[in-house]
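What follows is a single structure, written as structure tokens, with notes after it.
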Amino acid sequence: AFAPTGRAFTVATTEGVFLYALDRSASFDPTDLALDVTPANAASLARRGEYAAALAMALRLNDADLIGRCIDAVPHGEIQLIAQSVAEVHLQRLLEVLAARTEDGQALEYLMIWCKALFVAHGRYLKAEAQEHLSALRSIQRAIQRHERSLSRIADESLYSLQYISTAPSTGQADE
């Protein structure tokens, strides 16, 4: 089987399962393999309110859409707790999904709460392994800066419109 990235593949032989990867940092965790790790089970866990388990399963499956749905299912009040439960091995993928979703601009405040919770919960690790996570962190930063510029432009236009309206002579009043 080939990895979705095309940078690794596995071979099953009578001697065992062999993993070949171009990246030395590639990790293989056989404990992630189970018959019950399916998209349907992850969605079911999220519906039942087992958000940490649902997100962990989605991250094991490495399905961006499923990860996004699990992120969206978590109530605001539980984000910090769920962020603390994310395994360090899955942080990179979660940050990549958050960066892509932040780029879209929908539910921006909610996604920023997620980012903050992950930074608070895993800040030391992210700082120690900054090079490994640099691309995802930069993607998040670029998305935030793009939204900041857009919001600044809208706020400036609104301010100028309000100034114009407040200084314009009033018209349409009847003299009676």
Side-chain angles (χ1 to χ4, degrees), residues 1-13 15-104 107-108 110-144:
F2 287 90
T5 61
R7 299 188 55 83
F9 68 95
T10 58
V11 177
T13 69
E15 298 294 320
V17 176
F18 297 95
L19 174 67
Y20 296 94
L22 293 174
D23 304 317
R24 292 194 180 269
S25 64
S27 62
F28 174 70
D29 187 1
T31 60
D32 283 348
L33 298 177
L35 293 175
D36 64 339
V37 178
T38 64
N41 283 346
S44 173
L45 287 169
R47 280 192 302 276
R48 290 194 314 243
E50 298 178 38
Y51 307 113
L55 183 59
M57 193 175 289
L59 287 165
R60 278 188 232 143
L61 292 168
N62 198 22
D63 180 356
D65 185 49
L66 182 60
I67 294 168
R69 288 196 314 254
C70 288
I71 288 170
D72 291 342
V74 178
H76 285 264
E78 294 188 36
I79 292 174
Q80 186 67 39
L81 180 63
I82 303 303
Q84 292 172 356
S85 73
V86 175
E88 291 174 349
V89 71
H90 296 300
L91 271 178
Q92 176 68 23
R93 183 63 179 142
L94 184 55
L95 289 171
E96 289 170 355
V97 171
L98 285 171
R101 294 174 70 81
T102 302
E103 196 62 43
D104 292 342
L108 187 61
Y110 181 76
L111 295 172
M112 292 299 94
I113 292 170
W114 260 103
C115 290
K116 180 183 176 188
L118 286 171
F119 296 154
V120 168
H122 300 283
R124 285 190 189 121
Y125 171 76
L126 290 171
K127 186 174 181 180
E129 302 294 328
Q131 290 299 325
E132 180 181 337
H133 303 288
L134 197 57
S135 65
L137 294 172
R138 282 192 178 151
S139 294
I140 291 171
Q141 180 184 19
R142 278 193 305 271
I144 291 169

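All values below come from the heavy atoms of this structure, side chains included, with hydrogens, waters and symmetry mates left out. Positions are given from 1 along the sequence.
In this structure, Ile79 and Ala117 approach most closely via the heavy-atom pair CG2-CB, 3.8 Å. The heavy-atom pair separating Gly68 from Val97 by the smallest distance is N-CG1, 4.3 Å. Of all heavy-atom pairs between Pro39 and Leu66, the closest is CA-CD2, 3.7 Å. Of all the heavy atoms in Ala54 and Cys70, the pair that sits closest is O-SG, 3.6 Å. When all heavy atoms of Tyr110 and Ile71 are compared, the closest pair comes out as OH-O, 2.6 Å.
At a cut-off of 3.5 Å, with distance as the only test, a side-chain donor of Ser139 or Arg142 sits close to an acceptor on the other residue.
By the neighbour-count criterion of 12 heavy atoms within 6.0 Å, atom CZ of Arg48 is densely surrounded, having more than that number from other residues, nucleotides or ligands.
Between Leu111 and Ile113, every side-chain heavy-atom pair lies at or beyond the 4.5 Å cut-off. Contact check for Tyr51 versus Pro75: side-chain heavy atoms found under the 4.5 Å cut-off. Residues Val74 and Leu55 form no side-chain contact, since every pair of their non-hydrogen atoms from C-beta on lies 4.5 Å or further apart. You'll find the side chain of Ser44 stays beyond 4.5 Å of the side chain of Glu50, heavy atoms only.
Note: Phe9 and Tyr20 have parallel aromatic rings, judged against thresholds of 30 and 60 degrees for the angle between ring planes.
Scored by the ring-ring contact (aromatic ring centres under 6.0 Å, His included) test, His122 finds no partners at all (sequence neighbours excluded).
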